[in-house]
Peer 1: 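Quick one: the structure is below, and I'll ask about it shortly.
What you are looking at is a predicted structure, and each value in this text was computed from that prediction instead of being measured. In the text below, chain A, chain B and the rest are named by the order of the sequence lines, each starting its count at 1.
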Number of protein chains: 2
Amino acid sequence: MNDPKPEPTNPRIAPPARVDGTDAFEPTESPQLRAFAPLCSVFRRFLKSRDLKYTQERADVLDAIIARDGSFEAEELLLDLRARGHDVSKATVYRTIRLLLDAGIITQSLFDAKQSHYELIYGREPRDCMVCMKTGRRIEFTNRELTALRDRICRELGWQAVGHRFQIFAVSPPDDPVV
Amino acid sequence: MNDPKPEPTNPRIAPPARVDGTDAFEPTESPQLRAFAPLCSVFRRFLKSRDLKYTQERADVLDAIIARDGSFEAEELLLDLRARGHDVSKATVYRTIRLLLDAGIITQSLFDAKQSHYELIYGREPRDCMVCMKTGRRIEFTNRELTALRDRICRELGWQAVGHRFQIFAVSPPDDPVV
DNA sequence: CTTGGTGCAAACATTTTGCAGCACA
DNA sequence: TGTGCTGCAAAATGTTTGCACCAAG
């Protein structure tokens with residue numbers, strides 16, 4: 001459709017935080033390099049490994065995800081894309097999301113049963129969250145202790161941790177202090 | 001550490017494990033009593049507190065949930081009920097599930113984006129789980145350390161924990177030992 | 001008796017899919 | 001230049017709702 005973007009897009013990629021236990025990528029790079037590599041080339045590599053194509057639309061979708069700072073719903077993405085003049089169809093958005101999930105670049109985080117929330121995880125630390133059951137307020141945080149506990153649990157069972165999802169259901173105090 | 005069952009329908013209710021921070025029940029009983037009370041009377045009390053009725057259908061649904069050992073999908077429940085000759089409509093099943101969620105008796109756990117999974121939690125310890133990203137195998141467990149960590153996180157922020165959901169995404173070893 | 005509950009079917013919202021033409025490698 | 005990709009619209013899925021009749025308290 002319009003403006004071709006080779007592969008600039010790469011905001012705040014964090015240091016290695018994800019053990020890639022899946023067979024998603026060709027094992028030709030060090031984990032270091034992989035974690036710091038721009039997401040679009042990670043995605044491109046994933047696609048190539050499956051003989052799939054890196055199309056304009058797929059690049060646009062990934063771009064929109066990054067612009068959202070990693071947390072989004074399918075519908076939001078669709079609107080964002082439309083607003084930017086990148087007209088990608090709903091079907092393609094969903095198809096691309098599926099690929100990004102397979103690639104381990106994003107995860108699905110379901111809060112309300114309504115629609116899926118997705119989140120960029122590749123190269124980022126896992127985000128844990130706490131939801132107030134009265135007000136619905138959500139706080140996100142990263143807890144290294146939790147990640148360590150997760151790894152310990154896995155190790156004891158001989159599994160290898162890839163990621164996790166932690167949600168606390170709680171009640172915020174009446175005054176509801178902002179964190 | 002379990003079942004003192006004073007009334008009918010009530011399989012393996014565990015000791016108090018849930019702080020009820022919501023305004024679901026009338027505060028006339030001690031937490032102890034509440035936690036050990038049979039689920040149906042818990043539910044009945046909840047309904048009464050909202051001027052709702054304890055109908056045959058609602059009792060049947062709760063029964064079917066208990067019979068499933070607490071983990072179920074809406075559709076499964078519907079089939080179970082039908083098999084037992086308790087013909088409850090789909091609409092009523094969903095409506096009852098909503099009530100049980102509000103009452104804090106069950107929670108929604110979404111694994112695949114497809115349908116909701118629900119789980120009995122009232123009076124039970126939170127179940128954490130680990131999913132293998134290759135084979136899809138799921139292991140459930142209870143980790144007190146995690147619950148303690150959860151409570152600590154809440155306390156530091158002045159919140160009160162009500163429950164949590166913890167899922168680990170991992171890769172099981174090639175030999176995939178059974179736990 | 002009064003209020004809320006139920007079943008049914010239609011409505012809804014989200015996600016998936018079949019197909020004909022288009023574009024990347 | 002040939003696969004694979006896209007958009008469209010229709011289908012599929014899971015859940016909710018409006019309505020007329022029914023039942024719990």
Peer 1: Does dT6(C) have its OP1 or OP2 closer than 4.0 Å to a side-chain nitrogen or oxygen of R58(B)?
Peer 2: yes
Peer 1: Hey, does the side chain of T92(A) reach the backbone of V88(A) with a donor-acceptor pair shorter than 3.5 angstrom?
Peer 2: no
Peer 1: Which residues satisfy the salt bridge (Lys or Arg N to Asp or Glu O under 4.0 Å) test with D151(B), sequence neighbours excluded?
Peer 2: none
Peer 1: Start at the 5' end of DNA chain D and walk down; is the nucleotide closest to A74(B) or to S89(A) reached first?
Peer 2: S89(A)
Peer 1: Starting at the 5' end of nucleotides 18-25 of chain C, put B wherever the base has a protein heavy atom under 4.0 Å, S where only the sugar-phosphate does, and a dash everywhere else.
Peer 2: B----BBS
Peer 1: Closer to the 5' end of DNA chain C via nearest nucleotide, is it D51(B) or K90(B)?
Peer 2: D51(B)
Peer 1: Taking salt bridge (Lys or Arg N to Asp or Glu O under 4.0 Å) as the definition, give me every residue that meets it alongside R127(B), ordered by chain and number, with sequence neighbours left out.
Peer 2: E140(B)
Peer 1: My understanding is that only residues two or more places apart in sequence, or in another chain, count here; which of them pass ring pair (Phe, Tyr, Trp, His ring centres under 6.0 Å) with Y94(B)?
Peer 2: none
Peer 1: Tell me: CZ of F46(A) to P of dG4(D), nearest whole Å?
Peer 2: 15 Å
Peer 1: Please report, rounded to the nearest Å, how far the P atom of dT14(C) is from the CD atom of E73(A).
Peer 2: 8 Å
Peer 1: Does OP1 or OP2 of dT16(D) have a side-chain N or O of Y94(B) closer than 4.0 Å?
Peer 2: no
Peer 1: Write down the distance between OH (Y118(B)) and C1' (dG14(D)), rounded to a whole number of angstrom.
Peer 2: 9 Å
Peer 1: Which heavy-atom pair separates C154(B) from A170(A) by the least distance, and what is that distance?
Peer 2: SG-CB, 4.0 Å
Peer 1: Mind telling me whether F166(A) and H164(B) have parallel, tilted or perpendicular rings, with 30° and 60° as the class edges?
Peer 2: tilted
Peer 1: L78(A) CG to dT16(C) P: how many Å, rounded?
Peer 2: 14 Å
Peer 1: Output the rounded distance in Å from CZ (R98(A)) to C1' (dC5(D)).
Peer 2: 16 Å
Peer 1: Taking salt bridge (Lys or Arg N to Asp or Glu O under 4.0 Å) as the definition, give me every residue that meets it alongside R82(B), ordered by chain and number, with sequence neighbours left out.
Peer 2: D87(B)
Peer 1: Dump the intermediate steps for salt bridge (charged side-chain N to carboxylate O under 4.0 Å, His left out) on D63(B) and R58(B), then the final yes or no.
Peer 2: CA-CA 9 Å; D63(B) 237 43; R58(B) 287 174 182 172; over 6 Å; no
Peer 1: Might you work through the side-chain contact (heavy atoms from CB on, under 4.5 Å) test for L100(B) and F43(B), ending with a clear yes or no?
Peer 2: CA-CA 7 Å; L100(B) 290 166; F43(B) 190 31; 3.6 Å; yes
Peer 1: In whole Å, I'd like the distance from the NE2 atom of H117(B) to the C1' atom of dT13(D).
Peer 2: 14 Å
Peer 1: In whole angstrom, give the distance that lies between atom CZ of R82(A) and atom C1' of dC8(D).
Peer 2: 12 Å
Peer 1: For I97(B) and dT17(D), give me the distance from atom CD1 to atom P, rounded to whole Å.
Peer 2: 15 Å
Peer 1: The helix from dC1(C)-dG25(D) to dA25(C)-dT1(D): angle between its terminal axes, five pairs each, to 10°?
Peer 2: 50°
